[in-house]
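The sequence lines fix the lettering, A, B, ..., with proteins before strands; numbering per chain opens at 1.
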Amino acid sequence: MALPPDVAGLEGFIYGRLEVPRDRTMGDFAFPAFSLAASLKEKPAEIARKVAAQLDPAQFSAAGPYINAVLSVSEIAAAVLPLIHGQGTAFGNQSVGEGKKIAIDYSSPNIAKPFGVGHLRSTAIGHSLYRIYEKLGYRPIGINHLGDWGTQFGKMIVAYRKWGRDDQLAKEPITYLYDLYVRFHAEEEKDPSLSEDARLWFKKLEDGDPEAVRLWTLFKEYSLTEFQRIYDILGITFDHYTGESFYNDRIEAVMDILRRAGLVTESQGAQVVELEPYGMPACLLKKADGATLYATRELAGIFYRYETFHFDRALYVVGASQQEHFKQVFKVIELLGEPYADKLVHVEFGWIKFKDQAMSTRKGNIIFLEDVIATAEEKAAKIIRDKNPGLPNLEATARMIALGAILFADLGVKKHKDVNFSWEEVLNFEGETGPYLQYTHARLSSLIRRYGRPIAEAVDFGLISSPEEKELLLHLYRFGQTVETAAERYEPNYIAEYLLELAAVFNRFYQRKDAEGKLVKIISDREDETGARMLLVAAVRSVLNEGLRLLGIPAPEEM
RNA sequence: GCCCCCGUAGCUCACCUGGAUAGAGCAUCUGCCUUCUAAGCAGAGGGUAGCAGGUUCGAGUCCUGCCGGGGGUACCA
């Protein structure tokens, strides 16, 4: 590799290769000389030695093949703190997305089924991506693509007509429908004719049969009320609730477009798009009986979204098990030659399992999100009564902590990994958890309350000099980069990891001790020093608060 | 069978897309509250990164094969 000819290029070349040494005593930044070895025909260590010899020894040094640089704490403080103080939670905002729209499909639960912890993953990741992209200047469009159409409603209708009772449905709609659904699958094993009935009833539903539509509407209304309650608890919102049924009257238009493009063929009585040349099974559009399928409605959804929003990108936050489905559907869009074919992204994630098994509504092997929230709330309330008995808003705070714990259980792990749901882990509020971040936020807030004065920007930065403060400042500085990376990779976990580190570094600073082992307090009778530290404290609180907001986790002031 | 994902400490996970001695948390053990919130902090033990090759100055990270787990594979979503 040759060196870039101009100096600006050289800067970029070096800047792009800077690293943060794992062992921080080596320096704050490091340039590994390996990349120059080939073009300069010298050993990396030799290059590092020669380069360092020409630089200010107070700041640069060679260590083996690395050129390490040390920055002055005060200088970093003077650069970073006024910036955060001035921008507040807008720190890290960007304009890369200015004027661009990003459609995000998330949560999308199936109606007539309870909202289980399994549904939380898409909801949490999608909502977080919504806020992350918004921070980068995009205009996000949150879409809840409710699973409110399909053969399963044939099953529900059959089950309800056979065993359902209106009074029971009114009492506890979702649980009741859930029981019926489980019962249907159990009975179906013994009596396969039920499957055929279900298929027929779904076809009737698509053809507008009044009885089928009546029941379906009933199920849907109860479900929406139920889901809305859950979303309110979670603080999750959508811009559009356009479920699969929304596209019913657009299906024929979609079929026309595909037919005109010559993509539709008939195979075993079904209408399909042949995808064999691309190493995929055919994409099924219509069953032999003429009823639509998931993919048909998905295609209609894509057209509609593009026509309505003219998105610059469309994300589908849906589990990895549907990977092939999206590959097929996206391929069909590509074959149509749509210009936005490469703007469609399946943001996939792993299963939430229970006792190493996939949670299945059918088998009744599912944990209700509400039960988890309630249990976590109880535990949080108990801890508060124990540790902070005078706390006002106990209930509200307990709920915040419960949500922090539950949401972080999902967002604290890289999305492609399967998560094994464990009560023990969700109910753990110590260590790398949501409540740990919330606790740190409460602690920071408490300091600011106690300080009781406005935070001043004009401080003596020379008073900020400890290694702990340096770590904090460098980490604060990386926030914007972290948000960017999270967006690029559709991975809120980067922010979660970042915040854990921020909290850990702060807590170390908070509890640091002097040479005699005595606690060095942030608020002391030395006014100038306290003022400088409080500017740092306020900055940490601001970034932590904003980071939690990006994850959709509430940030209590006290707990 | 074919395709995709995963495999790192007893357990749950990181390693910022190839860099220095693989890091955290949980659990276990030891310290630290006359309280700026101990839901915290400091410390100890704990590793053949599934296995075997390959690529190169350098591999947990890239490639190939194998083993183990999960998912998908035409009328479910």
Side-chain angles (χ1 to χ4, degrees), chain A residues 17 19-23 26 30 32 34-35 37-38 43-44 63-66 68 108 110 147 149-152 155 198-199 202 244 267-272 279-289 291 293-295 297-298 318-325 327 348 350-351 353 356 358 362 380 383-384 387-388 391 401 405 409 412-414 416-420 422 424-425 428-433 435-440 442-443 445-447 449-451 478 481-482 485 489 493-494 497-498 500-501 503-504 507-508 510-513 517 519 521-524 530 537 558-559:
Chain A
R17 281 166 182 75
E19 296 171 5
V20 177
R22 214 184 290 268
D23 179 358
M26 305 295 273
F34 303 104
S35 53
K43 287 182 179 171
Y66 290 87
N68 294 323
S108 308
N110 293 328
W149 207 249
T151 312
Q152 51 175 323
K155 295 181 184 179
R199 193 186 59 75
F202 174 56
E244 296 187 62
S267 170
Q268 299 168 40
Q271 315 258 328
V272 308
M280 285 180 244
C283 180
L284 268 84
L285 302 170
K286 281 199 168 185
K287 302 198 232 179
D289 67 4
L293 285 156
Y294 185 33
R297 284 166 247 139
E298 197 79 75
V318 182
S321 59
Q322 290 179 36
Q323 186 193 69
E324 188 152 81
H325 161 75
K327 269 194 185 162
E348 47 189 279
W351 291 94
K353 300 182 173 187
D356 279 316
R362 292 185 193 190
I383 295 175
I384 294 171
K387 303 195 177 196
N388 197 357
L391 182 76
I401 294 161
V413 179
K414 287 267 182 291
H416 63 268
K417 284 213 176 200
D418 291 347
V419 179
N420 234 320
S422 128
E424 197 191 328
E425 261 173 69
N428 175 29
F429 299 164
E430 287 168 20
E432 297 175 331
T433 64
Y436 171 69
L437 298 179
Q438 294 173 313
Y439 178 77
T440 306
R443 188 177 247 182
S445 304
S446 168
L447 277 170
R449 273 196 307 275
R450 195 167 281 263
Y451 182 58
R478 282 182 213 121
Q481 174 64 52
T482 304
T485 309
R489 304 186 196 171
N493 174 254
Y494 282 104
E497 296 281 345
Y498 171 90
L500 283 176
E501 179 66 13
N507 282 318
R508 245 172 270 150
Y510 181 82
Q511 292 185 94
R512 78 193 198 282
K513 294 178 174 161
L519 186 70
K521 293 193 174 183
I522 290 170
I523 298 175
S524 70
T530 303
V537 165
E558 289 180 80
M559 65 187 264

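- Positionally, the nearest nucleotide of RNA chain B for A:Asn68 lies more toward the 5' end than for the other of A:Ala320 and A:Asn68.
- Applying the 4.0 Å criterion to OP1 and OP2 of B:A38, one finds that A:Arg443 has a side-chain N or O inside that range.
- Nucleotide B:C66: paired with B:G50 (Watson-Crick or G-U wobble, both distances less than 3.5 Å).
- A:Gln481 comes within contact range of no nucleotide atom at all, as no heavy-atom separation falls under 4.0 Å.
- One atom, NE2 of A:His416, and another, P of B:U17, lie 15 Å apart when rounded to the nearest Å.
- The side chain of A:Thr151 sits closest to B:A77 out of B:A74, B:A14, B:A77.
- Nearest heavy-atom pair across A:Ala288 and A:Gln268 is CB-O, 4.4 Å.
- In terms of phosphate contacts, A:Lys286 brings no side-chain nitrogen or oxygen within less than 4.0 Å of OP1 or OP2 of B:A74.
- Along RNA chain B, the nucleotide nearest A:Gly150 and the nucleotide nearest A:Tyr494 are compared for position; the residue whose nucleotide lies closer to the 5' end is A:Tyr494.
- Looking at A:Thr151, its side chain never comes within 3.5 Å of a backbone N or O of A:Arg199 through a donor-acceptor pair.
- Nearest heavy-atom pair across A:Ala405 and A:Phe429 is CB-CE2, 3.6 Å.
- If you take CG of A:Asp418 and P of B:G68, they are 19 Å apart, rounded to a whole angstrom.
- Within 4.0 Å (heavy atoms only), A:Ile522 reaches at least one base atom of the nucleic acid.
- Residue contacts shown for A:Ile401 include a base, since a base heavy atom lies under 4.0 Å away.
- Pair assignment for B:C41 gives B:G31, based on Watson-Crick or G-U wobble hydrogen-bonding distances that are each under 3.5 Å.
- A donor-acceptor contact under 3.5 Å is not formed by the side chain of A:Ser321 with the base of B:A77.
- Between A:Arg508 atom CZ and B:G25 atom P the separation is 9 Å, expressed in whole Å.
- Remark: C1' of B:U12 and CZ of A:Phe429 are 17 Å apart, rounded to the nearest angstrom.
- When the side-chain nitrogen and oxygen atoms of A:Lys417 are compared with OP1 and OP2 of B:U12, none of them lie within a distance under 4.0 Å.
- Using a 4.0 Å heavy-atom distance criterion, A:Ser422 is classed as making no nucleic acid contact.
- The side chain of A:Lys287 sits closest to B:C75 out of B:C41, B:C75, B:A14.
- Residue A:Gly64 is out of contact with every strand shown, counting any heavy-atom pair closer than 4.0 Å.
- Nucleic acid contact for A:Arg489: base, since at least one base atom lies under 4.0 Å from a heavy atom of the residue.
- To the nearest 0.5 angstrom, A:Lys327 atom NZ is 13.5 Å from A:His325 atom NE2.
- Base contact: A:Val272 has a heavy atom under 4.0 Å from a base atom.
- Applying the Watson-Crick and G-U wobble criteria (two distances, each under 3.5 Å), B:C13 pairs with B:G23.
- The residue A:Ile384 sits close to a base: some heavy atom pair falls under 4.0 Å.
- Rounded to an integer number of Å, the gap from CD of A:Glu432 to P of B:A27 is 12 Å.
- Atom NZ in A:Lys513 sits about 12 Å away from atom P in B:A38, given to the nearest Å.
- A:Tyr294 comes within 4.0 angstrom of a base, heavy atoms only.
- Syn is the glycosidic conformation of B:U17, whose angle stays within 90° of 0.
- A:Tyr494 carries A:Lys414 over the face of its six-membered ring, with the cationic atom under 6.0 Å from the centre and within 45° of the normal.
- In this structure B:C33 sits in the syn conformation; its chi angle is within 90° of 0.
- The residue A:Gln271 sits apart from the nucleic acid: no heavy atom pair falls under 4.0 Å.
- A donor-acceptor contact under 3.5 Å is not formed by the side chain of A:Asn507 with the base of B:A42.
- Counting any heavy atom pair closer than 4.0 Å across all strands shown, A:Met280 reaches no nucleic acid atom.
- The aromatic ring of A:Tyr510 does not sit over the base of B:C41, since the test of centres under 5.5 Å and planes under 30° is not met.
- Between A:Lys327 and the phosphate of B:C3, there is no side-chain N or O to OP1/OP2 separation shorter than 4.0 Å.
- Heavy atoms of A:Leu285 sit nowhere under 4.0 angstrom from any nucleic acid atom.
- Rounded to an integer number of Å, the gap from CZ of A:Arg450 to P of B:U35 is 11 Å.
- In terms of heavy-atom proximity, A:Ile523 sits nearest to A:Arg450 at CD1-CB, 4.2 Å.
- You'll find a donor-acceptor pair under 3.5 Å spanning the side chain of A:Gln511 and the base of B:G40, going by distance alone.
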Passes side chain to side chain donor-acceptor pair (under 3.5 Å), A:Thr433 versus A:Asn428? Steps please. CA-CA 7 Å; A:Thr433 64; A:Asn428 175 29; over 6 Å; no

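- No contact: A:Lys155 has no heavy atom under 4.0 Å from any strand.
- Using a 4.0 Å heavy-atom distance criterion, A:Asn420 is classed as making no nucleic acid contact.
- Residues A:Ala63 and A:Asn68 approach most closely at CB-ND2, 3.5 Å, considering heavy atoms.
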